[in-house]
Amino acid sequence: MSSAAKKLIVAGGNGFLGSRICQAAVHRGWDVTSISRSGQPNWSSVSASPSAPSWSTAVSWERADIFRPAEWIALLNGADYVVHSLGILLEADYKGVISGRESPLAGLQKAFSPRHTPNPLERRPGDELRPPTNANQLTYEMMNRDSAILLAKEAANKGVKGFGYISAAGGAPVLPSRYISTKREAEDVIAREFPEMRGVFFRPPFMYDSSRPVTMPLAAMTMAGSIFNGATGGVLSNFLGSAGTKPLKADLVAEAVVEGLDDTAVKGAVEVPELEALANKGWRRTML
């Protein structure tokens, strides 16, 4: 690999979208490192095969806890770009409900109630980012917002040129409002607190891929919702959120993320039409 290869760090690089971001960057000849608690992906859950694809050997799959910066700060040295591809649709409470340790009512009550977690900007060097109580529970505030701000802070300290945050086009009627509000809060804080670092906030809609069969009928439903929303002049946009937005293939979003990071003119929120344009631009580049 050339010494001039761009260096990309992907927090959550072993996930559904994160692994595809790693793949797109590898295909450009970039030096790619993934940070996650489990290291390599469970390939059967993110791809059509249980076996690792050939491109994965070019990625450094590092194990680290995003809430323990001492485990991964050194990996940011010399990085050109950092991507935060962590987040949750549902909070960890649902596991307790399913296992019977918690009542459905209590689980819903937690999901739709506000949470208070420590401000990651006030963390002292070496401090771990953990809530004062119930530290084992992953909340929207922790995963969608605080972990992103923590990563962005350390990236800015290391002089990283571009920071990509995987946000969302909107919420959905079945999700608590905190799902999308915490993502928008992360965008606002990162843009305000780290102006010297180009922040790119990718807002994908529902993503699908045939390797994850459950996403296919959901994508069809979402497409129907977007058609209906368009036919009614978008009057239900606020209510439907991502459920009323055209779904995109996960590979397309991944290509758009890498192209957006590589294009210094791209900054701030990147909505669905821009994602499609960036992906097409990236694919045209690889064909030349």
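Because the structure is a prediction, the values reported are computed rather than measured.
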J.: Ignoring hydrogens and geometry, is there a side-chain-to-backbone donor-acceptor pair from R20 to F16 under 3.5 Å?
T.: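 Yes.
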J.: If only atom types and distance count, is the side chain of S47 paired as donor or acceptor with the main-chain N or O of S44 below 3.5 Å?
T.: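 Not a single qualifying donor-acceptor pair exists.
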J.: Taking all heavy atoms of A48 and all of S211, pick out the closest pair and write down the distance.
T.: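 Minimum heavy-atom separation between A48 and S211: N-CB, 3.3 Å.
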J.: Would you say D263's side chain and G260's backbone share a donor-acceptor pair under 3.5 angstrom?
T.: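 Checking the backbone N and O of G260 against the side chain of D263, no donor-acceptor pair under 3.5 Å is found.
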J.: Listed by chain and number, what are the ring pair (Phe, Tyr, Trp, His ring centres under 6.0 Å) partners of W43, not counting sequence neighbours?
T.: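 For W43, the residues satisfying ring pair (Phe, Tyr, Trp, His ring centres under 6.0 Å) (neighbours in sequence not counted) are W55, W61.
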J.: Donor-acceptor pair, distance only, cut-off 3.5 Å: does the side chain of R212 make one with the backbone of S45?
T.: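 Flag set: sc R212 to bb S45 pair under 3.5 Å.
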J.: Who passes side chain to side chain contact (heavy atoms under 4.5 Å, CB included) against S38, sequence neighbours left out?
T.: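 With sequence neighbours excluded, S38 shows a side chain to side chain contact (heavy atoms under 4.5 Å, CB included) to N14, S36, given in chain and number order.
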J.: Among all residues two or more places apart in sequence or in another chain, which pass the salt bridge (Lys or Arg N to Asp or Glu O under 4.0 Å) test with E185?
T.: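 Salt bridge (Lys or Arg N to Asp or Glu O under 4.0 Å) check on E185 returns R145.
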J.: Do V10 and L8 have side chains that approach each other closer than 4.5 Å (heavy atoms only, starting at C-beta)?
T.: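 Side-chain contact under 4.5 Å: yes.
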J.: So, taking the atom named CE in M216 and the one named CG in D209, what distance separates them when rounded to the nearest 0.5 Å?
T.: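 Between atom CE of M216 and atom CG of D209 there are 7.5 Å.
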J.: Taking all non-hydrogen atoms of both residues, which atom of V160 and which atom of M197 are closest, and how far apart?
T.: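 Taking V160 first and M197 second, the nearest heavy atoms are O-CG, 3.3 Å.
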J.: Indicate yes or no: at least one non-hydrogen side-chain atom of V253 is less than 4.5 angstrom from one of L17.
T.: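 Yes; the side chains approach each other to less than 4.5 Å.
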J.: So, do D262 and K6 sit near enough that their side-chain heavy atoms are less than 4.5 Å apart?
T.: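 Of all side-chain heavy-atom pairs linking K6 with D262, at least one is under 4.5 Å.
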J.: Using the test salt bridge (Lys or Arg N to Asp or Glu O under 4.0 Å), find all partners of D80 that sit at least two apart in sequence or belong to another chain.
T.: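 With neighbours one apart ignored, the set is K161.
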J.: Which residues pass the side-chain hydrogen bond (donor to acceptor under 3.5 Å, both in side chains) test with S181, not counting sequence neighbours?
T.: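 Testing S181 for side-chain hydrogen bond (donor to acceptor under 3.5 Å, both in side chains), a comparison that skips the adjacent residues, returns none.
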J.: Residues in side chain to side chain contact (heavy atoms under 4.5 Å, CB included) with A277, at least two apart?
T.: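 Listed in chain order: nothing, the list is empty.
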J.: Hey, what do you get for NZ (K183) to CG (N144), rounding to the nearest 0.5 Å?
T.: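 Separation between the atoms: 4.5 Å.
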J.: Go through the structure and list residues passing ring pair (Phe, Tyr, Trp, His ring centres under 6.0 Å) with F202, not counting sequence neighbours.
T.: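 Scan of F202 (ring pair (Phe, Tyr, Trp, His ring centres under 6.0 Å), adjacent residues dropped) gives none.
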J.: Specify the closest pair of heavy atoms between L252 and A279, including all atoms of both residues, with the distance to one decimal.
T.: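 The answer is O-CB, 3.4 Å.
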J.: Any idea which heavy atoms bring S147 and F67 closest together, and the distance?
T.: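 Result for this residue pair: CB-CE2, 3.8 Å.
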J.: Is there a side-chain contact (heavy atoms from CB on, under 4.5 Å) between H84 and I166 once you walk through the steps?
T.: CA-CA 6 Å; H84 182 280; I166 307 303; 5.9 Å; no
J.: Going by the rule side chain to side chain contact (heavy atoms under 4.5 Å, CB included), which residues pair with R63 if we only count those two or more places apart in sequence or in a different chain?
T.: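 Per chain and number, R63 pairs via side chain to side chain contact (heavy atoms under 4.5 Å, CB included) with no residue.
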J.: Check salt bridge (Lys or Arg N to Asp or Glu O under 4.0 Å) between K267 and all other residues, then give those that pass, not counting sequence neighbours.
T.: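 Partners of K267 under the salt bridge (Lys or Arg N to Asp or Glu O under 4.0 Å) test: none.
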J.: Under a plain distance cut-off of 3.5 Å, with no hydrogens placed, do E187 and S167 share a side-chain donor-acceptor pair?
T.: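 A pair is found: one side chain offers a donor N or O, the other an acceptor, under 3.5 Å apart.
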J.: What residues, two or more places apart in sequence or in another chain, satisfy ring pair (Phe, Tyr, Trp, His ring centres under 6.0 Å) together with F163?
T.: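 If we apply the ring pair (Phe, Tyr, Trp, His ring centres under 6.0 Å) test to F163, skipping adjacent residues, there are no hits.
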J.: Excluding sequence neighbours, so at least two apart, what forms side chain to side chain contact (heavy atoms under 4.5 Å, CB included) with A191?
T.: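 F201.
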J.: Among residues at least two apart in sequence or on other chains, which ones pass salt bridge (Lys or Arg N to Asp or Glu O under 4.0 Å) with E259?
T.: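 Testing E259 for salt bridge (Lys or Arg N to Asp or Glu O under 4.0 Å), a comparison that skips the adjacent residues, returns R28, K281, R285.
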J.: Going through the distances and angles, do V270 and V257 end up as a side-chain contact (heavy atoms from CB on, under 4.5 Å)?
T.: CA-CA 9 Å; V270 179; V257 169; over 6 Å; no
J.: So which heavy atom on L275 is nearest to which on P204, and how close?
T.: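 L275 and P204 have their closest heavy atoms at CD1-CA, 3.5 Å.
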J.: Is there a donor-acceptor pair under 3.5 Å between the side chain of E274 and the backbone N or O of E271?
T.: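 At least one qualifying donor-acceptor pair exists.
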